[in-house]
**Student:** 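Sending over a structure as structure tokens; questions will come in a sec.
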Amino acid sequence: SVVLPLCIPNQAFAYSLVILISTLITIVCLQGDFRRADKIELENKTLHINALSESMENFRIVKHDFYNILQTYGGYLEIGDLEALRKYHTQFVGMTTAAGNALDISKRVEENPSLFSLLISKSDYAEKLKVHLIFTLPRRIPDFHIEMIDLCRALGCLLDNAIEAAKESATREVQFTLTAKALSSVLIIISNKTNGAVDTSEILKSGVSGKEGHTGIGLVTVRKTLGRYTNCGFQIHSYNNEFNAYIELKPASN
């Protein structure tokens with residue numbers, strides 16, 4: 001019988017084969033990345049369009065009802081019922097403030113799609129609960145120095161808590177303040193009035209919640225999420241029926 005020689009590829013051929021396979025894998029991975037990037041961009045644009053549509057719809061409602069609103073003002077003035085007029089004025093200001101908030105932040109979605117899409121969503125949630133959510137933002141959105149998915153998870157939880165607590169208070173107001181500080185650090189403050197004192201040492205424990213039907217893991221999750229970053233500080237304070245949450249973000253040290 002004839003024994004055929006075993007054909008073993010030389011070193012150059014094996015090296016070329018490895019490079020070819022690696023290149024093919026890289027191309028496939030890049031195609032997947034491009035598809036994911038296109039999907040994210042499409043989702044962000046869809047959120048932007050929906051936010052603008054919602055804002056314009058709010059303004060159309062105000063414009064359509066403006067004559068009726070003026071007549072109502074005149075009616076209260078005619079009968080001299082200033083208390084009813086004050087209450088009606090507060091409701092009207094809340095409606096126009098919510099519309100203005102949504103329009104202002106919807107114009108800035110492209111600066112940071114994750115952040116502004118979240119703020120638009122929470123503005124809509126606050127409006128449904130008849131809570132005034134007021135934003136104070138810098139002209140230029142700074143670098144937050146942490147992953148946006150983690151920051152948005154934390155902000156979403158804190159804003160939900162603030163809105164739901166403010167709903168039970170007399171003022172029904174939430175303040176969201178974002179400040180770019182010196183040395184590229186960022187300070188975020190979320191403030192709301194509360195209906196009574198809050199024991200901040202207790203609500204940071206798992207299973208403890210001041211809201212009926214809630215599991216009490218929200219603030220614990222926020223603390224754990226932000227606690228993974230050594231350049232991030234998180235504190236909460238409660239004083240004189242006001243609750244404040246502070247997030248300070250600094251550039252990561254090399």
Side-chain angles (χ1 to χ4, degrees), residues 94 97-98 100-102 104-106 108-109 111-112 114-127 129 131-204 209-211 218-252:
T97 298
N101 267 338
D104 287 342
I105 59 179
S106 66
R108 304 183 63 179
V109 166
E111 294 180 42
N112 189 313
S114 300
L115 174 66
F116 283 103
S117 298
L118 172 72
L119 297 185
I120 290 169
S121 171
K122 298 310 173 185
S123 178
D124 180 57
Y125 181 49
E127 184 181 0
L129 295 184
V131 171
H132 300 168
L133 177 53
I134 302 171
F135 300 104
T136 303
L137 304 171
R139 291 186 177 181
R140 186 185 67 83
I141 297 301
D143 183 1
F144 292 104
H145 313 300
I146 68 172
E147 294 293 336
M148 283 306 303
I149 187 171
D150 290 331
L151 179 60
C152 287
R153 284 178 63 199
L155 292 179
C157 178
L158 293 173
L159 282 169
D160 282 343
N161 286 351
I163 291 167
E164 291 163 9
K167 182 186 69 169
E168 306 299 330
S169 70
T171 57
R172 304 178 74 93
E173 183 177 290
V174 175
Q175 296 272 356
F176 179 94
T177 304
L178 194 160
T179 305
K181 300 176 65 182
L183 302 177
S184 299
S185 64
V186 180
L187 179 63
I188 301 172
I189 305 174
I190 300 175
S191 303
N192 63 274
K193 294 293 185 181
T194 59
N195 186 22
V198 177
D199 188 343
T200 55
S201 63
E202 285 294 317
I203 62 174
L204 283 174
S209 174
K211 296 178 290 185
L219 286 176
V220 176
T221 301
V222 170
R223 185 174 62 177
K224 288 182 178 179
T225 300
L226 299 180
R228 296 202 299 265
Y229 296 90
T230 58
N231 60 319
C232 177
F234 172 58
Q235 294 183 352
I236 57 173
H237 295 290
S238 179
Y239 176 74
N240 197 25
N241 289 349
E242 181 172 300
F243 184 86
N244 297 303
Y246 303 88
I247 298 176
E248 185 172 14
L249 303 161
K250 298 179 180 179

**Student:** With rounding to the nearest 0.5 angstrom, report the NZ to CG distance, Lys181 to Leu249.
**Tutor:**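 It is 10.5 Å, given to the nearest 0.5 Å.
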**Student:** Can you measure from CD (Gln175) to NE2 (His132) and round to the nearest 0.5 angstrom?
**Tutor:**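 These two atoms lie 11.5 Å from each other.
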**Student:** If every non-hydrogen atom of Glu164 is compared with every non-hydrogen atom of Leu129, which pair is closest and at what distance?
**Tutor:**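 Taking Glu164 first and Leu129 second, the nearest heavy atoms are CG-CD1, 4.4 Å.
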**Student:** For Asn231 versus Ala252, what's the shortest heavy-atom pair and its separation?
**Tutor:**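 For Asn231 versus Ala252, the nearest heavy atoms are ND2-N, 3.8 Å.
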**Student:** Would you compute the distance between atom CZ of Arg140 and atom CG of Asn112 and round it to the nearest 0.5 angstrom?
**Tutor:**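 Here the interatomic distance stands at 11.5 Å.
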**Student:** Any heavy-atom pair between the side chains of Thr136 and Ile189 that's under 4.5 Å?
**Tutor:**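 No, too far: nothing below the 4.5 Å cut-off.
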**Student:** Once you round to the nearest 0.5 Å, how far does CZ of Phe243 lie from CD1 of Ile236?
**Tutor:**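 Reported to 0.5 Å precision, the distance equals 4.0 Å.
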**Student:** By side-chain hydrogen bond (donor to acceptor under 3.5 Å, both in side chains), which residues pair with Gln235, not counting sequence neighbours?
**Tutor:**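 Testing Gln235 for side-chain hydrogen bond (donor to acceptor under 3.5 Å, both in side chains), a comparison that skips the adjacent residues, returns His237.
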**Student:** What pair of heavy atoms forms the shortest contact from Glu168 to Asn195, and how long is it?
**Tutor:**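 Distance-wise, the nearest heavy atoms are O-CB, 3.4 Å.
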**Student:** Asp160 and salt bridge (charged side-chain N to carboxylate O under 4.0 Å, His left out): which single residue from Arg153, Lys122, Lys167 fits?
**Tutor:**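 Single pass found, and it is Lys122.
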**Student:** How about Leu119 and Leu155: do any of their side-chain heavy atoms sit closer than 4.5 Å?
**Tutor:**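 With C-beta onward as the side chain, the pair stays apart.
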**Student:** Could you tell me whether the side chain of Asn244 reaches within less than 4.5 Å of the side chain of Tyr239, counting heavy atoms only?
**Tutor:**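 In short, these two side chains do not touch, never coming nearer than 4.5 Å.
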**Student:** Could you tell me if the side chain of Ser169 sits less than 4.5 Å from the side chain of Thr194, heavy atoms only?
**Tutor:**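 Answer no - side chains too far apart.
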**Student:** Side chains of Ile247 and Cys232: does their closest heavy-atom pair fall under 4.5 Å?
**Tutor:**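 Yes, at least one pair of side-chain atoms sits under 4.5 Å.
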**Student:** Side chains of Ile188 and Phe176, heavy atoms from C-beta outward: is any pair under 4.5 Å?
**Tutor:**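 Result yes, sub-4.5 Å side-chain heavy-atom pair found.
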**Student:** Would you compute the distance between atom CD1 of Ile120 and atom CZ of Phe135 and round it to the nearest 0.5 angstrom?
**Tutor:**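 Reported to 0.5 Å precision, the distance equals 8.5 Å.
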**Student:** How long is the gap from OG on Ser123 to CG on Leu118, to the nearest 0.5 Å?
**Tutor:**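 It comes to 11.0 Å.
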**Student:** Could you check whether any side-chain heavy atom of His145 comes within less than 4.5 Å of a side-chain heavy atom of Tyr229, counting everything from C-beta outward?
**Tutor:**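 Of all side-chain heavy-atom pairs linking Tyr229 with His145, none is under 4.5 Å.
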**Student:** Got a donor-acceptor contact below 3.5 angstrom from the Asn192 side chain to the Val174 backbone?
**Tutor:**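 Between the backbone of Val174 and the side chain of Asn192 there is no qualifying donor-acceptor contact (under 3.5 Å).
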**Student:** Determine whether Leu159 and Tyr125 make a side-chain contact, defined as any pair of heavy atoms from C-beta on separated by less than 4.5 Å.
**Tutor:**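 When only atoms from C-beta onward are counted, Tyr125 and Leu159 do not touch, as no gap falls below 4.5 Å.
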